[in-house]
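What follows is a short report on a single structure.
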Amino acid sequence: MAPLVQEVHFPQLHVPITIDRKFPVLPAGPIPASPGDSLYLSNLDDMIGARVFTPTVYFYRSNSLTSESRSLADVLHDALAAVLVPYYPLSGRIRETKNGKLEIFFGTGQGALMVEAHSEMVLADLGDLTVPNPGWEPLVYRFSNEEPYKIFDMPLLIAQVTRFSCGGFSLGLRLCHCICDGLGAMQLLRAWAATSKSGTLVIDPKPCWDREKFWPQDPPVVKFPHTEFRRIDDGSSLTMSLWIAKPVQRCYKISPEFQARVKTLAKDEMFPCTTFDAMAAHIWRSWVKALDVKPRDYQLRLTFSVNARQKLKNLPLKNGFYGNAVCVACAVSSVSELTDGSLSSTTSLVHEARLAVSEEYLRSTIDYIEVHRPTRLEFGGKLTITQWTRFSIYESADFGWGRPIYAGPIDLTPTPQVCILLPGGESDPSGTMVVCICLPKSASEKFRELFTLID
């Protein structure tokens, strides 16, 4: 019987690759934009947390379904070129306008970027292909001397196909978060994969831009304090623990039985909770205890994204909307309340923060960004949990050679105050969750013990 909580160890890797060619991917037909045109990005699209590229990698065992006369990169190029006609904003570039606002602009010869590479390694050399490994970083293309967090004048979609000597291959993607949130990215990925698989353009639903629905009010009306964006000087020991001590990435497979046990213990007669509420609270408490955060009266924040699509009643979004339609929920608690309080009390904080995201809260978020426009990521006293378990990432990524063995992120260590919850993988459809979190070596064992023993 598999353990309820299992830490998955992965090897430190050096993955040597050779880049064979790089080439642009232009829309395969006419698009409704000409050089010099621009498109509006909403304040949800260009909030500071979205001004990043999200790197992901997909591993496949074989390309036996692909004709020997055409390379993998050519198949993917042609399918993406077709998809870039209805998803034409991805062929543009991002630039900054007045007051720091971002927009998409179109020029000649832009498009996405395709990279073809190979490695003498085999997939079996890459370690456990069920959890992310920072050693896979070479499988996602970066420009030489590229600045961290650069988004201006960059292709908005960068794809690298790397062939391994065993016949397997990887698809490494970098997608600009300003263009789509997680659900929007899945919509794009499904269209690209279905088009590759069928050989003809397949889009369902039809993509919809509609960013103008998120115009700020005039004048802006900020009805909430938006603690999630506030700059808070980190007067705690977190900075020393997480940024100076160089934490390592840890991954834990969480069985459905353990998730159910946590949820049962987290429940309170006063409120119903979801598995996410309970697991997020349990991770937060275990993380704070393991790091032994001081001082005990310091106020900590837990932030996480909430999909607002179903909450928009006055201006509902069309089914094909693929932009950012999420709000950042924020739970606040002192160190002592987290460490000395019960799991159910912390779960109630997460539950209340999640339910606080409403259409009114989303409008207030848009107006807060319009007024203040935060220009830097704030990590003071904060843990951010990102939930990928609700994304159909494996189902969406069948390009014609089957679902991927692994699909997901690579390296969390550049942002060590981010925890990601991943689905168990194609080989484990039972509902297993993978918790990926960064911890100093000195706190890793303590976290595992605290996390396994629910109190």
Side-chain angles (χ1 to χ4, degrees), residues 3-16 52-57 59 121 125-140 142 148-149 170 172 234 236-254 258 279-280 282-294 300 302-304 335 338-339 377 379-389 406-425 432-453:
L4 297 179
V5 176
Q6 177 188 7
E7 182 171 4
V8 182
H9 300 279
F10 45 84
Q12 290 189 338
L13 289 175
H14 171 62
V15 183
V52 295
F53 276 87
T54 303
T56 52
V57 68
F59 289 106
M121 298 180 76
D125 295 332
L126 300 180
D128 192 318
L129 295 182
T130 63
V131 296
N133 188 331
W136 299 339
E137 197 68 34
L139 304 178
V140 176
R142 294 182 183 275
Y149 301 111
S170 65
D234 196 346
S236 73
S237 56
L238 273 176
T239 299
M240 180 69 70
S241 298
L242 289 173
W243 292 90
I244 299 176
K246 294 184 178 180
V248 293
Q249 185 167 300
R250 301 287 184 179
C251 297
Y252 305 88
K253 286 186 176 180
I254 314 300
F258 187 83
M279 289 299 299
H282 186 46
I283 292 167
W284 192 20
R285 294 176 78 237
S286 302
W287 183 75
V288 171
K289 290 178 181 180
L291 293 174
D292 193 21
V293 180
K294 299 287 193 315
L300 300 174
L302 175 74
T303 59
F304 53 93
V335 175
L338 285 173
T339 58
L377 292 167
F379 291 107
K382 184 187 288 186
L383 173 66
T384 296
I385 296 183
T386 301
Q387 184 184 16
W388 287 32
T389 52
Y406 171 84
I410 298 171
D411 187 5
L412 277 65
T413 55
T415 50
Q417 284 172 251
V418 173
C419 169
I420 298 185
L421 310 183
L422 298 171
T432 297
M433 174 190 295
V434 178
V435 174
C436 302
I437 195 166
C438 293
L439 293 159
K441 290 182 180 179
S442 59
S444 297
E445 183 60 27
K446 188 175 181 182
F447 175 85
R448 188 188 64 78
E449 292 174 359
L450 290 164
F451 188 80
T452 304
L453 300 173

| message | In this structure, is the centre-to-centre distance between the rings of Phe304 and Trp284 below 6.0 Å? | response | no
| field | Intermediate values then yes/no, side chain to side chain contact (heavy atoms under 4.5 Å, CB included), Val15 and Leu139 | value | CA-CA 8 Å; Val15 183; Leu139 304 178; 4.2 Å; yes
| Say you draw a straight line from OG1 of Thr54 to CD1 of Ile410; how long is it, rounded to the nearest 0.5 Å? | 11.5 Å
| task | Quick one: pull up CZ in Phe447 and OG in Ser442 and give me the separation to the nearest 0.5 Å. | result | 14.0 Å
| task | Evaluate side chain to side chain contact (heavy atoms under 4.5 Å, CB included) for Tyr252 paired with Phe258, printing each intermediate quantity in order. | result | CA-CA 12 Å; Tyr252 305 88; Phe258 187 83; over 6 Å; no
| query | Can Glu445 and Arg448 be said to form a salt bridge (Lys or Arg N to Asp or Glu O under 4.0 Å), step by step? | reply | CA-CA 5 Å; Glu445 183 60 27; Arg448 188 188 64 78; 2.6 Å; yes
| note | In this structure, NZ of Lys446 is separated from CG of Leu291 (nearest 0.5 Å) by 9.0 Å
| note | Nearest heavy-atom approach of Asp125 to Leu13 is O-CD2, 3.4 Å
| task | Over all heavy atoms of both residues, which pair between Pro55 and Val140 is shortest? Give the atoms and the distance, please. | result | CB-CG1, 4.1 Å
| query | Where is the tightest heavy-atom contact between Cys251 and Cys436, given as atom of each residue plus distance? | reply | SG-SG, 3.5 Å
| query | Where the side chain of Arg250 meets the backbone of Ile437, is there a donor-acceptor pair that is under 3.5 Å apart? | reply | no
| message | Within the structure provided, determine whether Lys441 and Val248 are in side-chain contact (heavy-atom separation under 4.5 Å). | response | yes
| Does a side-chain heavy-atom distance below 4.5 Å link Leu421 with Val435? | yes
| So how far is it from Asp292 CG to Ser241 OG, rounded to the nearest 0.5 Å? | 8.0 Å
| task | State whether Lys253 and Glu7 are salt-bridged, where the test is any N-O pair (Lys NZ or Arg NE/NH1/NH2 against Asp/Glu carboxylate O) under 4.0 Å. | result | no
| field | Check: Pro440 and Leu242 side chains under 4.5 Å, non-hydrogen atoms | value | yes
| query | Between Leu126 and Met121, does a side chain to side chain contact (heavy atoms under 4.5 Å, CB included) hold up when you go through it step by step? | reply | CA-CA 8 Å; Leu126 300 180; Met121 298 180 76; 4.1 Å; yes
| task | Looking only at non-hydrogen atoms, find the nearest pair between Val131 and Tyr406 and report the distance. | result | C-CE1, 3.9 Å
| message | Using the ring centroid of each side chain, check whether Phe451 and Trp287 are separated by less than 6.0 Å. | response | no
| Would a 4.5 Å heavy-atom cut-off, applied to side chains only, mark Pro409 and Trp388 as touching? | yes
| task | Search all heavy atoms of Ser170 against all heavy atoms of Val57 and return the closest pair with its distance. | result | CB-CG2, 4.0 Å
| query | Taking atom CD1 of Ile420 and atom CD of Gln387, what is their separation to the nearest 0.5 Å? | reply | 12.0 Å
| Hey, does the side chain of Asp411 reach the backbone of Gly135 with a donor-acceptor pair shorter than 3.5 angstrom? | no
| request: Rounded to the nearest 0.5 Å, what's the gap from OG on Ser286 to CD on Glu449? Could you check? | output: 11.5 Å
| request: Compare all side-chain heavy atoms of Thr303 with those of Lys382 and state whether any distance is below 4.5 angstrom. | output: yes
| query | Should Pro132 and Gln249 count as side-chain neighbours, where that means a heavy-atom distance under 4.5 Å? | reply | yes
| request: For Leu129 and Trp136, run side chain to side chain contact (heavy atoms under 4.5 Å, CB included): C-alpha distance rounded to whole Å, both residues' side-chain angles, the deciding distance at 0.1 Å, then the answer. | output: CA-CA 11 Å; Leu129 295 182; Trp136 299 339; 3.5 Å; yes
| query | Taking all atoms of both residues into account, what is the closest heavy-atom pair of Leu412 and Cys419, and its distance? | reply | CD2-CA, 4.4 Å
| Val288: which of Thr339, Leu302, Leu238, Ile283 passes side chain to side chain contact (heavy atoms under 4.5 Å, CB included) | Thr339
